[in-house]
Amino acid sequence: MRWKRAVGRVFLAATVTLTGFLGTTGPLAEGSSGAPGGRGPMTLATARDLTGYLGPLLAEWNRERPREKVRLVELPDSADEARSQMITELRSGGGRYDILNIDVAWTSEFASAGWIAPLEPDRFALKTFLPPVVGTATYAGKLYAVPYVTNAGMLYYRKDLLDREGQRPPRTLAELERQARTIAPKYGVGGYAGQFLPYEGLTVNAVEMVYSAGGSILGDEGERVTVDSAAARTGIGFLARGVREGWIPEAALTFKEEESRRAFQDGRLLFLRNWPYAFAGAWGKDSKVAGKFGVVPLPGIDGPGTSVLGGSNLAVGTHARHPASARDLIAHLTGEAVQRRVLTEGSLPPVRASVYEDPALLRRFPYLPALRASVLSAAPRPKSPRYEQVSLVVQAVIHDAMAQRQGSGAAVRRLADELAAITRRG
């Protein structure tokens with residue numbers, strides 16, 4: 001089913017190489033590379049299209065613009081493997097990739113390395129996008145990519161069980177903890193889970209907790225460490241305490257997206273932090289909680305918290321052979337018509353604000369209001385030219401804290417020290 005095939009796209013580290021796919025004319029933009037006019041066939045390199053909607057979409061473009069056809073190059077569906085292959089090509093200085101479809105967390109790295117070219121903001125109707133997503137596409141005050149797909153974590157909850165207790169879904173971390181600790185045991189289910197295996201998912205969950213508690217990880221485009229704070233200790237302490245006291249099941253330390261989705265869908269959890277894709281499975285005919293759950297934004301200290309933005313951005317490679325065509329294709333793929341298809345055919349959250357207000361789509365995708373609220377209050381992952389190193393450190397330290405190998409206060413101090421070492425090496 002489509003919702004299953006979309007799982008691997010949560011952390012898209014894809015590259016979109018466009019070698020000839022645009023059909024408008026005009027002068028080559030200042031600072032762009034490529035032949036005069038910058039028009040011709042392109043290659044679109046991306047992580048493997050697990051949803052199946054992208055190929056037919058590009059085929060339509062090719063029929064309409066035969067002189068600017070796009071060839072789809074699919075890299076492995078693993079974000080790490082796709083990123084590795086992409087970087088190998090980019091470091092070679094070749095122009096094989098006209099457009100790069102990169103994970104939102106990689107914009108800073110790719111821009112600082114000189115692999116992607118600055119873009120003209122006025123070209124892409126950015127004011128029609130959900131405002132927070134635009135921030136994932138900028139670095140050092142310049143636009144280096146255009147948001148294509150977004151994502152934001154949400155809180156899934158067992159509405160039937162909360163209704164029996166006469167309680168509403170939690171709006172604060174304190175309410176979430178109290179309900180997970182007191183209600184879940186009455187019904188023989190786990191209290192709360194997310195994606196806590198040490199991989200990118202744990203980085204996201206940990207950063208969301210720090211953000212939702214009012215803290216931050218890095219500042220100044222990754223050059224200043226800000227994590228050593230009372231807010232960070234509160235957020236990380238929430239996760240560590242949950243495992244220690246048992247309202248976060250120990251098994252959750254092995255959960256990625258799918259393991260956590262199945263646990264909730266099988267009726268084993270009261271609360272789950274996951275992405276929008278999990279809604280379809282939990283609502284499906286094989287789900288034990290179909291019709292029994294709801295979705296709300298993540299809780300914070302005094303009200304709704306802060307999700308981490310996921311998704312992918314489209315960028316033009318510095319050595320793109322046909323950059324003018326590439327920019328036109330990006331404008332097409334981020335236009336309203338295609339963005340509707342991103343949702344309806346790709347099961348992926350669009351970046352255009354108007355899609356979230358369409359009555360027909362609201363009936364078909366009832367989680368859209370909660371998703372929109374989550375995106376509007378969301379923030380990018382810590383920006384850093386060395387993001388991969390940052391993420392690995394966060395994963396290791398937070399997993400140690402949750403596994404009770406280190407106290408949360410000591411873990412935050414260790415995290416600050418290790419992040420500072422990364423910034424010094426940079």
Side-chain angles (χ1 to χ4, degrees), residues 10-11 13 79-80 83 103 105-106 108-109 153 173 177 192-257 259-260 273 298 300-301 305-310 379-426:
V10 171
F11 301 108
D80 289 342
R83 176 181 174 276
D103 186 279
W106 299 1
S108 297
E109 176 187 8
L173 290 175
E177 179 173 344
Y192 174 76
Q195 296 73 53
F196 300 144
L197 185 76
Y199 76 114
E200 182 66 17
L202 178 54
T203 298
V204 167
N205 278 253
V207 171
E208 284 176 341
M209 278 296 170
V210 173
Y211 286 176
S212 294
S216 60
I217 306 294
L218 296 173
D220 299 334
E221 303 287 357
E223 299 305 319
R224 182 167 57 91
V225 178
T226 59
V227 73
D228 193 358
S229 66
R233 287 187 284 275
T234 296
I236 302 310
F238 176 94
L239 295 174
R241 185 169 61 254
V243 178
R244 184 173 66 251
E245 296 181 357
W247 45 270
I248 293 180
E250 189 173 347
L253 295 178
T254 66
F255 284 179
K256 297 172 74 174
E257 278 79 17
E259 292 84 357
S260 62
R273 180 266 174 221
L298 298 177
I301 288 294
T306 302
S307 174
V308 162
L309 286 167
R381 275 167 271 180
K383 290 189 177 184
S384 171
R386 295 163 292 279
Y387 178 77
E388 183 181 24
Q389 299 173 49
V390 169
S391 180
L392 290 172
V393 166
V394 172
Q395 297 165 31
V397 173
I398 303 309
H399 199 263
D400 279 351
M402 294 186 70
Q404 312 303 305
R405 289 188 287 268
Q406 190 169 33
S408 56
V412 170
R413 290 191 296 273
R414 173 187 158 200
L415 181 58
D417 290 343
E418 295 195 22
L419 292 176
I422 291 174
T423 62
R424 288 195 297 270
R425 288 197 297 270

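Computed from a predicted structure; not experimentally measured.
Annotation for I236 and A401: closest pair CG2-CB, 4.3 Å, computed over non-hydrogen atoms. In terms of heavy atoms, S216 sits closest to V210 at N-CG1, 3.6 Å. Taking each heavy atom of E257 and S260 in turn, the nearest pair found is O-OG, 2.9 Å. Residues L197 and L202 approach most closely at O-CB, 3.2 Å, considering heavy atoms. When all heavy atoms of I248 and F238 are compared, the closest pair comes out as CD1-O, 4.4 Å. Here the closest non-hydrogen pair linking S384 and L218 is CB-CD1, 4.0 Å.
Note that CZ of R241 and CH2 of W247 are 6.0 Å apart. Values are rounded to the nearest 0.5 Å. Separating the CD atom in E388 from the CG atom in D103 is a distance of 11.5 Å, to the nearest 0.5 Å. One distance of note links CD of Q389 with CG of L419; it measures 10.5 Å at 0.5 Å rounding. For the atom pair CD1 (I398) and CD (Q406), the distance works out to 9.0 Å, reported to the nearest 0.5 Å. Put simply, CG on D228 and CG on L415 are 9.0 Å apart, with the number rounded to the nearest 0.5 Å. Rounding to the nearest 0.5 angstrom, the gap separating the CZ atom in F196 from the CE atom in M402 is 4.5 Å.
Side-chain contact check for R425 versus I422: some heavy-atom pair is nearer than 4.5 Å. Residues E223 and P385 meet the side-chain proximity criterion, which asks for heavy atoms closer than 4.5 Å.
Within the 3.5 Å criterion, the main-chain N or O of R273 finds a donor-acceptor partner in the side chain of Q195. E208 contributes a side-chain N or O that, together with a main-chain N or O of V308, makes up a donor-acceptor pair within less than 3.5 Å. No side-chain donor-acceptor contact under 3.5 Å links E245 to the backbone of V243. Side-chain atoms of Y211 come within 3.5 Å of backbone N or O of P380 as a donor-acceptor pair. In this structure a side-chain-to-backbone donor-acceptor pair under 3.5 Å is missing from T306 to S212. Looking at T226, its side chain does come within 3.5 Å of a backbone N or O of I217 through a donor-acceptor pair.
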What verdict does the side-chain contact (heavy atoms from CB on, under 4.5 Å) test give for R224 and T423, after you've listed the backbone C-alpha separation in whole Å, the side-chain angles of each residue and the deciding distance to 0.1 Å?
CA-CA 7 Å; R224 182 167 57 91; T423 62; over 6 Å; no
Checklist line | Working for side-chain contact (heavy atoms from CB on, under 4.5 Å), residues V390 and R381 | finding: CA-CA 10 Å; V390 169; R381 275 167 271 180; over 6 Å; no
For E200 and S391, what are the C-alpha separation, side-chain angles and deciding distance, and is it a side chain to side chain donor-acceptor pair (under 3.5 Å)?
CA-CA 7 Å; E200 182 66 17; S391 180; 2.6 Å; yes
Q.
Quick one, Q395 with L392, criterion side-chain contact (heavy atoms from CB on, under 4.5 Å). Give me CA distance, side-chain angles, the key distance, then yes/no.
A. CA-CA 5 Å; Q395 297 165 31; L392 290 172; 4.0 Å; yes
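No more than 12 heavy atoms of other residues, nucleotides or ligands lie within 6.0 Å of CD in E250, so this atom counts as exposed by the packing criterion.
Each of R83, R386, K383 was evaluated against E109; a single residue qualifies, R83, per the salt bridge (Lys or Arg N to Asp or Glu O under 4.0 Å) test.
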